[in-house]
Amino acid sequence: MTAKPSASTPRCCVVGGGPAGMMLGLLLARAGVPLTVLEKHGDFLRDFRGDTVHPSTLAILDEIGLRETFDKLPQRRIDHLAGIVAGREQQIVDFRGLKPYDYLALVPQWDFLDMLADAGRELPAFDLRVRHQATGLIEEDGRIAGVRVKAPEGDYELRADLVVACDGRHSTLRESAGLKAREYGAPMDVLWFRMPRDESDPPDTFGIVDRGHMMVLLNRTDYWQVAFLVPKGSDAALRARSIDALRETVVQLAPFLADRKDAIEAWDKVKTLEVQVDRLPRWHAPGLLLIGDAAHAMSPIGGVGINMAIQDAVAAANALAGLLLNGGAIDESSLASIQRRREFPVKVVQRVQIAMQKRLISRVLEQSGEPPRVPALMRFLLGFRMVRHIPARLFGYGLRQEHVRTPAFPREL
Ligand SMILES: Cc1cc2nc3c(=O)[nH]c(=O)nc-3n(C[C@H](O)[C@H](O)[C@H](O)COP(=O)(O)OP(=O)(O)OC[C@H]3O[C@@H](n4cnc5c(N)ncnc54)[C@H](O)[C@@H]3O)c2cc1C
């Protein structure tokens, strides 16, 4: 194994080109920190990623001058989210009236990540290597000194003053560092498939909850991306049955899809996405920081995982850019300060997600026969004008909104 020759040794190696890694890479490179982002896939074209860009991320894009480019991406703007609960339409989240952004943008995540990658490629300090997979950490003198990389042109070692693991829920680096997350459990997994969309269909993304079943339809203009919730661990049993059983349930929940039910051709067109909620007690080790899902896997409830990952990236860039520019090893206390800043907002959102999983999703999926009900607290929050914005603000902006404090090299240095 050899060190891959490069124009300059990166000060920082970011592993994972998801929302956390791409935003961190862009912000640090923009501040002039030489860095490498490693992404194991060849592109960002994977449709199992969430699409939601919340107001907190819109604010970040404004702050780094990418808002205009973002607005040109294909997207749908949503100012409220509704659900059909036991046949009755219910308001779930209402962003109207929130300031300064009163909507959520639904953008295919591959377009969003491509935009960040394109912005990064314009910067001399940014080196994105796709099809380069980190396989483990290099440890020297009690600290992380880099990563081992598997690449099409051969395996190599990449050394850096700081490694940031943004490699998602099944983080290789987390395992390699021997860090163990606390598992909070999730009662569901998600079946993920497409259905064609007609002009006459309902216009918005919405959820449907009925006895024993829950489904979310994401409007991706010419098709519906369907997220169909199933009890955790039931995948094998479901797949042993005929695909007709799934088609029938989908039509029962959304009768307007009856004429297209055969679009769910076979089980191999249906992916199972595993849901997990966990959090590391310690998000760092000497020379290593973990952020995004690698530090805290988020439930899909509220569609906030992307935005939490981006908020982590902004906080990390704010804390680290100056230190990395100055050179020398990064003190672990600086890494601990990033965890201190981000842990509280993550904890609160995860607690709300876990409560929703227990009070709504578990009850619905247990098929108790009772018609499902929106939890009392949520009915209260949505029923009164004075408090209606609390869930929207929590999910839209989070509790400790981050702002970009890193300079844009070379103009502001
Ligand atoms: C079913 C489901 C639906 C969801 N829907 C939404 C939603 O609608 N909105 C939302 O905001 N959140 C949603 N989430 C959560 C969201 O997907 C995550 O919280 C978010 O993607 C985390 O971003 P990240 O950058 O930390 O990790 P990821 O998005 O997981 O990115 C990790 C990246 O690292 C790469 N990688 C992994 N290992 C390596 C390696 N060893 N070397 C190099 N590269 C590597 C991966 O290819 C990937 O590109 C959903 C989650 C689930 C399970």
Side-chain angles (χ1 to χ4, degrees), residues 13-25 36-54 56-57 78 81 104-110 112-114 116-117 128-137 147-151 158 163-176 186 188-193 205 207 216 218 220 225-230 232 271-279 283 290-313 316 342 346 349-350 353 395-396 398:
C13 170
V14 176
V15 175
M22 292 307 297
M23 182 55 83
L24 179 63
T36 299
V37 181
L38 302 173
E39 168 52 50
K40 70 177 177 183
H41 290 104
D43 55 38
F44 302 116
L45 263 179
R46 291 177 295 288
D47 78 354
F48 53 82
R49 295 171 179 275
D51 289 357
T52 47
V53 175
H54 284 55
S56 60
T57 300
I78 294 180
L81 278 173
L104 180 129
L106 275 181
V107 177
Q109 201 184 124
W110 52 87
F112 179 69
L113 294 175
D114 270 338
L116 297 182
L128 170 63
R129 298 182 189 172
V130 294
R131 288 198 194 86
H132 285 230
Q133 177 177 6
T135 53
L137 293 161
V147 290
R148 285 177 237 290
V149 187
K150 188 170 158 226
L158 182 69
V163 173
V164 186
C166 305
D167 52 345
R169 294 178 294 151
H170 304 292
S171 170
T172 304
L173 298 193
R174 171 161 104 180
E175 206 182 314
S176 178
M188 76 287 199
D189 287 322
V190 175
L191 300 185
W192 192 248
F193 51 92
T205 287
V216 178
L218 297 166
R220 285 190 175 162
Q225 179 62 58
V226 185
F228 184 95
L229 275 64
V230 294
K232 187 161 269 306
K271 284 190 196 124
T272 302
L273 305 182
E274 192 198 327
V275 177
Q276 72 190 64
V277 185
D278 64 29
R279 197 170 61 247
W283 300 13
L290 299 97
I291 61 169
D293 270 21
H296 48 77
M298 306 300 291
S299 166
I301 294 174
V304 286
I306 296 167
N307 301 277
M308 298 305 277
I310 285 177
Q311 295 281 300
D312 284 3
R342 293 299 308 148
V346 167
V349 171
Q350 283 185 327
Q353 291 181 323
F395 283 106

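When reading the values below, keep in mind they use all heavy atoms of this one structure, side chains included, and skip hydrogens, waters and symmetry mates. Each ligand, and each atom within it, is numbered from 1 in the order the structure gives.
For ligand 1, the atoms sitting less than 4.0 Å from at least one non-hydrogen atom of Arg169 are 53 (C), numbered in the order shown with element in parentheses. Here is the list of ligand 1 atoms found below 4.0 Å of a heavy atom in Gly292: 26 (O). Near Asp51, meaning under 4.0 Å from one of its heavy atoms, ligand 1 places the atoms 8 (O). For ligand 1, the atoms lying closer than 4.0 Å to a non-hydrogen atom of Gly16 are 33 (C), 34 (O), 35 (C), 44 (N). In the vicinity of His41, heavy-atom distances shorter than 4.0 Å reach the ligand 1 atoms 47 (O). Proximity to Glu274 (heavy-atom distance under 4.0 Å) selects the following atoms of ligand 1: 53 (C). For ligand 1, the atoms lying closer than 4.0 Å to a non-hydrogen atom of Leu38 are 43 (C), 44 (N). Heavy-atom proximity to Cys166, at under 4.0 Å, picks out these atoms of ligand 1: 32 (C), 33 (C), 34 (O).
At least one N/O-N/O distance between Gly305 and ligand 1 falls below 3.5 Å. Among the atoms of Asp293, some N or O lies under 3.5 angstrom from an N or O of ligand 1. Any N or O atom pair closer than 3.5 Å counts here, and Met298 shares no such pair with ligand 1. Of the N or O atoms in Gln109, none lie within a sub-3.5 Å distance of an N or O in ligand 1. Distances between N or O atoms of Ile306 and those of ligand 1 include at least one value under 3.5 Å. Inclusion of Gln133 in the set of residues having an N or O under 3.5 Å from an N or O of ligand 1 is not warranted.
Residues Ser299 and Met188 are in side-chain contact: their nearest non-hydrogen atoms beyond the backbone lie under 4.5 Å apart. Residues Val216 and Val226 form no side-chain contact, since every pair of their non-hydrogen atoms from C-beta on lies 4.5 Å or further apart.
Only the side chain of Leu273 comes within contact range of ligand 1, with a heavy atom under 4.0 Å; no backbone atom does. With a 4.0 Å heavy-atom cut-off, ligand 1 is reached by no atom of His170. Contacts of Leu173 with ligand 1, taken as heavy-atom pairs under 4.0 Å, are absent altogether.
The closest heavy-atom contact to atom 39 (C) of ligand 1, among the options Val130, Asp167, Thr172, Thr205, comes from Asp167. Looking at Gly21, Pro300, Ser176 and measuring to atom 14 (N) of ligand 1, the nearest heavy atom belongs to Pro300. The closest non-hydrogen atom to atom 21 (O) of ligand 1, taken over Gly18, Pro19, Ala186, comes from Pro19.
Considering all non-hydrogen atoms of both residues, Met298 and Val349 come closest at CE-CG1, 3.7 Å.
Within the 3.5 Å criterion, the main-chain N or O of His54 finds a donor-acceptor partner in the side chain of Asn307. Here the side chain of Arg174 pairs a donor or acceptor atom with the backbone of Ala294 at under 3.5 angstrom. For Glu39 (side chain) and Gly17 (main-chain N/O), a donor-acceptor pair under 3.5 Å exists by modelled atom type. Asp312 contributes a side-chain N or O that, together with a main-chain N or O of Gly292, makes up a donor-acceptor pair within less than 3.5 Å.
The environment of NZ in Lys150 is sparse: at most 12 heavy-atom neighbours from other residues, nucleotides or ligands sit within 6.0 Å. Atom CD of Glu274 has more than 12 neighbouring heavy atoms from other residues, nucleotides or ligands inside a 6.0 Å radius.
In this structure, the separation between CG on Leu173 and SG on Cys13 is 8.0 Å, given to the nearest 0.5 Å.
The side chain to side chain contact (heavy atoms under 4.5 Å, CB included) check on Thr172 picks up Asp167, with sequence neighbours excluded. Residues passing the side chain to side chain contact (heavy atoms under 4.5 Å, CB included) test with Ala117, sequence neighbours excluded: Met22, Phe44, Arg121, Leu128.
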